[in-house]
Amino acid sequence: NSKTVIVKAADGTRLMALAATDASFGTGSNTKALDEYFGTYTNGDETVILDGVGGITYGTKKGTYALRTDGTFDVYIRENGDDKEYYVLTILDGEFVMDKPTVEIMYLTEYGTLEADTVTVNKNIAVTLPAGLTSDTMFFRGWYLDGDETKTLLPATYKPTDDVILVAKWDVKYTVT
């Protein structure tokens, strides 16, 4: 039982390449043609394996890949069903380069304090925004994008695609006596 079948001509030219969409080929198994990027690529001691149907193994990490319009690949390393790391993969002459793009998040707090006002994070990967800021006179509500006139609060996790400034939203604390 195999998950991948490759048929080559006598000169080594690939004629057909298929992958089972199930664990292996068998009765009722569906198939999918492998893309032209199926294979193993190296960079010194590192190895990337593309399975031909969107799956990637990068060292001990597993994830997905998708071709971008510029000829490189978006790579998402997944753990427990969640994207944990993002890379841009470039393949040239059987070798590869994995670039891990980062972006900066700058936090403007006005009243509360944070451990760091600016953090560098992996682009396209969700981060948990700081919570629980405190002030004697204000109540912390959450974060919104700088320049958002409606001050719409972001969810507790945020996926930055570019450098961004997040502003803390506060309400006045009132004491009822």
Side-chain angles (χ1 to χ4, degrees), residues 1-107 114-131 143 145 154-166:
N1 277 343
S2 175
K3 184 171 173 82
T4 307
V5 173
I6 300 172
V7 179
K8 294 184 178 181
D11 66 359
T13 306
R14 186 168 72 177
L15 299 175
M16 178 176 59
L18 299 172
T21 56
D22 301 321
S24 64
F25 288 106
T27 306
S29 170
N30 291 320
T31 59
K32 184 174 182 178
L34 299 180
D35 64 34
E36 63 189 279
Y37 307 103
F38 170 81
T40 301
Y41 303 90
T42 60
N43 181 355
D45 292 338
E46 294 185 306
T47 301
V48 163
I49 302 169
L50 303 183
D51 70 1
V53 292
I56 185 170
T57 301
Y58 175 40
T60 60
K61 303 173 182 179
K62 296 196 178 291
T64 60
Y65 70 90
L67 184 62
R68 297 165 33 138
T69 57
D70 65 0
T72 62
F73 298 86
D74 284 322
V75 173
Y76 288 92
I77 302 300
R78 301 182 63 84
E79 287 179 19
N80 301 320
D82 294 325
D83 293 334
K84 294 296 182 182
E85 296 178 65
Y86 169 71
Y87 296 89
V88 175
L89 168 65
T90 304
I91 297 175
L92 185 61
D93 299 327
E95 295 188 352
F96 75 93
V97 174
M98 289 283 262
D99 177 43
K100 190 174 186 178
T102 59
V103 295
E104 284 190 351
I105 300 175
M106 177 185 287
Y107 296 103
L114 290 174
E115 190 172 308
D117 292 334
T118 302
V119 294
T120 301
V121 297
N122 192 190
K123 177 179 182 173
N124 292 342
I125 297 298
V127 295
T128 301
L129 298 177
W143 299 97
L145 293 168
L154 297 172
T157 57
Y158 175 71
K159 188 184 292 188
T161 57
D162 290 299
D163 292 342
V164 65
I165 298 172
L166 300 182

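A quick note: this is a predicted structure, and the numbers were derived from the prediction, not measured. Computed from heavy atoms alone, side chains included, the values below leave out hydrogens, waters and symmetry copies.
- In terms of heavy-atom proximity, T72 sits nearest to L67 at O-CD1, 3.5 Å.
- The 12-atom threshold is exceeded at CD of E104, counting heavy atoms of other residues, nucleotides or ligands nearer than 6.0 Å.
- Legend: residues meeting side-chain hydrogen bond (donor to acceptor under 3.5 Å, both in side chains) with Y41, ordered by chain and number and at least two apart, are absent.
- For the atom pair I125 CD1 and T157 OG1, the distance stands at 11.5 Å (nearest 0.5 Å).
- Residues V103 and V164 have side chains not in contact (no heavy-atom distance under 4.5 Å, counting atoms from C-beta outward).
- Between Y86 and P101, the closest heavy-atom pair is CE2-CG, 3.5 Å.
- Atom CG of D51 is separated from atom OG1 of T40 by 10.5 Å, given to the nearest 0.5 angstrom.
- Considering only heavy atoms from C-beta on, I56 stays 4.5 Å or farther from F73 through its side chain.
- The two residues V75 and M98 make their nearest non-hydrogen contact at CG1-CE, 4.0 Å.
- Listed by chain and residue number, nothing satisfies the ring pair (Phe, Tyr, Trp, His ring centres under 6.0 Å) test with F96 (two or more places apart in sequence, or in another chain).
- Taking Y58 as the reference, Y87 meet the ring pair (Phe, Tyr, Trp, His ring centres under 6.0 Å) condition, with sequence neighbours excluded.
- Taking CG of N122 as the reference point, atom NZ of K84 lies at 11.5 Å (rounded to 0.5 Å).
- Pairing each heavy atom of T42 with each of T47, the nearest pair is CG2-OG1, 4.3 Å.
- Under the rule for a side chain to side chain contact (heavy atoms under 4.5 Å, CB included), the partners of K62 that lie at least two apart in sequence or sit in another chain are T57.
- In this structure, the side chain of D99 does not engage the main chain of V88 through any donor-acceptor pair within 3.5 Å.
- To the nearest 0.5 Å, atoms CG (D82) and CD1 (I77) are separated by 13.5 Å.
- Side-chain contact check for I91 versus L50: some heavy-atom pair is nearer than 4.5 Å.
- Under the salt bridge (Lys or Arg N to Asp or Glu O under 4.0 Å) criterion, R78 pairs with D83, sequence neighbours left out.
- For D74, the salt bridge (Lys or Arg N to Asp or Glu O under 4.0 Å) partners two or more places apart in sequence, or in a different chain, are R68.
- Sorted by first then second residue, the salt bridge (charged side-chain N to carboxylate O under 4.0 Å, His left out) pairs that include residues 85-96, not counting sequence neighbours, are K61-E85, E85-K100.
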